[in-house]
Number of protein chains: 2
Amino acid sequence: MISNKAKYAFRALLAIAASSDRQAMASADIAQRYAIPHKFLEQILVDLKKAGILDSRRGKNGGYVMLRPADTISFGEVLRLFEGPLAPLPCLSRQSYRRCEDCIDESRCDIRREFGRAYDAYRRVLDSRTLADALDSGHGQNDDFLRRSA
Amino acid sequence: MISNKAKYAFRALLAIAASSDRQAMASADIAQRYAIPHKFLEQILVDLKKAGILDSRRGKNGGYVMLRPADTISFGEVLRLFEGPLAPLPCLSRQSYRRCEDCIDESRCDIRREFGRAYDAYRRVLDSRTLADALDSGHGQNDDFLRRSA
DNA sequence: GCAATTCCCTATTCACTAGATAGGGTATAC
DNA sequence: GTATACCCTATCTAGTGAATAGGGAATTGC
């Protein structure tokens, strides 16, 4: 199960990406619309800004806007930001590989081989699908007035 | 990342499944061979017995044997035993479905749709590959004298 | 029939993390 | 120059992973 933090991040990102780029979305608005604890959401949005995904404006009419375009941001990237490595075993992570401590021969490990198959399939989807893809698949219905929840 | 508990369970199961069915494997032997804390492993093996996967014999020459054949036990089944639902969202789990609390329309949730794709791919592998498959893929080398680790 | 062996059961500990909550600091627009 | 909204740091709580501890119960071999 993914964390609430990650789930909130996706909700906020999809909301921001789906809105018109001209005006920023305030964290308080997002929080209210999606029933996310405001202070908690603020921390998340700051993380997304530090990661170079969002930009922010302060003061009246301030809020958050996309910094990078939505079709360059994959689900995998966002998920890794909040969950750390997605791999089921440290020895399967490409981005933060770590050897299993008491492993003698990695290339012969049955567990690694089987989880490698599964993880490959999982990762392939998450790293290829972007926020823009997700919005496009929404059957064309713009649900700005609905809560896009999970 | 999967838990140590699950990892230990796989090691033990693969060891038992790979050994000759005639004689039981003692928990202490498995623990020593794979560097698993003995008392911790005992708990795991009892869980596997309660799940109907292993059988046990007490006393001298006692130990554990497979109850169900290795080609009927999928990685998914074992993983669920120790990790609970594998789905990234409660609303995606078939075996223990739970609605997301603040979700208005599940069928329109972008997050659910995208993670559904990824999870399908992941689950498909884990639920189809069995312990026997894993042992068969081991390039024919019987590594009873090696630690099969992860 | 008894002692060694091995499985079995329950409780406890310790560190770590998720998931917030709290409170104020800082920049900006009007 | 004040309201607005982002930003930063600290703290709290419940839950969980990963063991450790200690003894009880069944079985086998002698």
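In what follows, chains are A, B, ... by sequence order, proteins preceding strands, each numbered from 1.
The CG atom of A:Asp29 sits 7 Å away from the P atom of D:dA5 (whole-angstrom rounding). Atom CE in A:Met1 sits about 13 Å away from atom P in D:dT16, given to the nearest Å. B:Ile36 has its CD1 atom 16 Å from the C1' atom of D:dT20, to the nearest Å. Atoms CG (B:Leu41) and C1' (C:dC8) sit 13 Å apart, rounded to a whole Å. The separation between B:Ile30 atom CD1 and C:dT5 atom C1' is 16 Å, rounded to whole Å.
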Could you list the donor-acceptor pairs under 3.5 angstrom formed between side-chain atoms of residues 49-65 of chain A and any protein atom two or more places apart in sequence or on another chain?
residue	atom	partner	partner atom	Å
A:Lys49	NZ	A:Ser56	OG	2.8

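Ionic pairing of A:Asp120 and A:Arg123 is present here: one or more N-O contacts between side-chain nitrogen and carboxylate oxygen are shorter than 4.0 angstrom.
Within the 4.5 Å cutoff, side-chain heavy atoms of A:Leu14 are placed close to those of A:Leu131.
Every ring-ring contact (aromatic ring centres under 6.0 Å, His included) that B:Phe10 has, sequence neighbours left out, goes to A:Phe115, B:Phe75. Listed by chain and residue number, nothing satisfies the side-chain hydrogen bond (donor to acceptor under 3.5 Å, both in side chains) test with A:Gln43 (two or more places apart in sequence, or in another chain). Qualifying side-chain hydrogen bond (donor to acceptor under 3.5 Å, both in side chains) partners for B:Glu83, counting only residues two or more places apart in sequence or in other chains: B:Ser3.
Between atom CD of residue B:Glu106 and atom CZ of residue B:Arg112 there is a gap of 4.0 Å, rounded to the nearest 0.5 Å.
The phosphate of C:dC7 has neither OP1 nor OP2 within less than 4.0 Å of any side-chain N or O from B:Ser56.
Of the residues in residues 47-54 of chain B, none has a non-hydrogen atom less than 4.0 angstrom from any atom of DNA chain D.
In plain terms, the two heavy atoms of B:Val125 and A:Ala121 that are nearest each other are CG2-CB, 4.3 Å.
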Quiz item: For nucleotides 17-29 of chain C, read 5' to 3', which letter fits each nucleotide if B means a protein heavy atom sits under 4.0 Å from the base, S means only the sugar-phosphate is that close, and - means neither?
Solution: --SBB-BBBBSBS
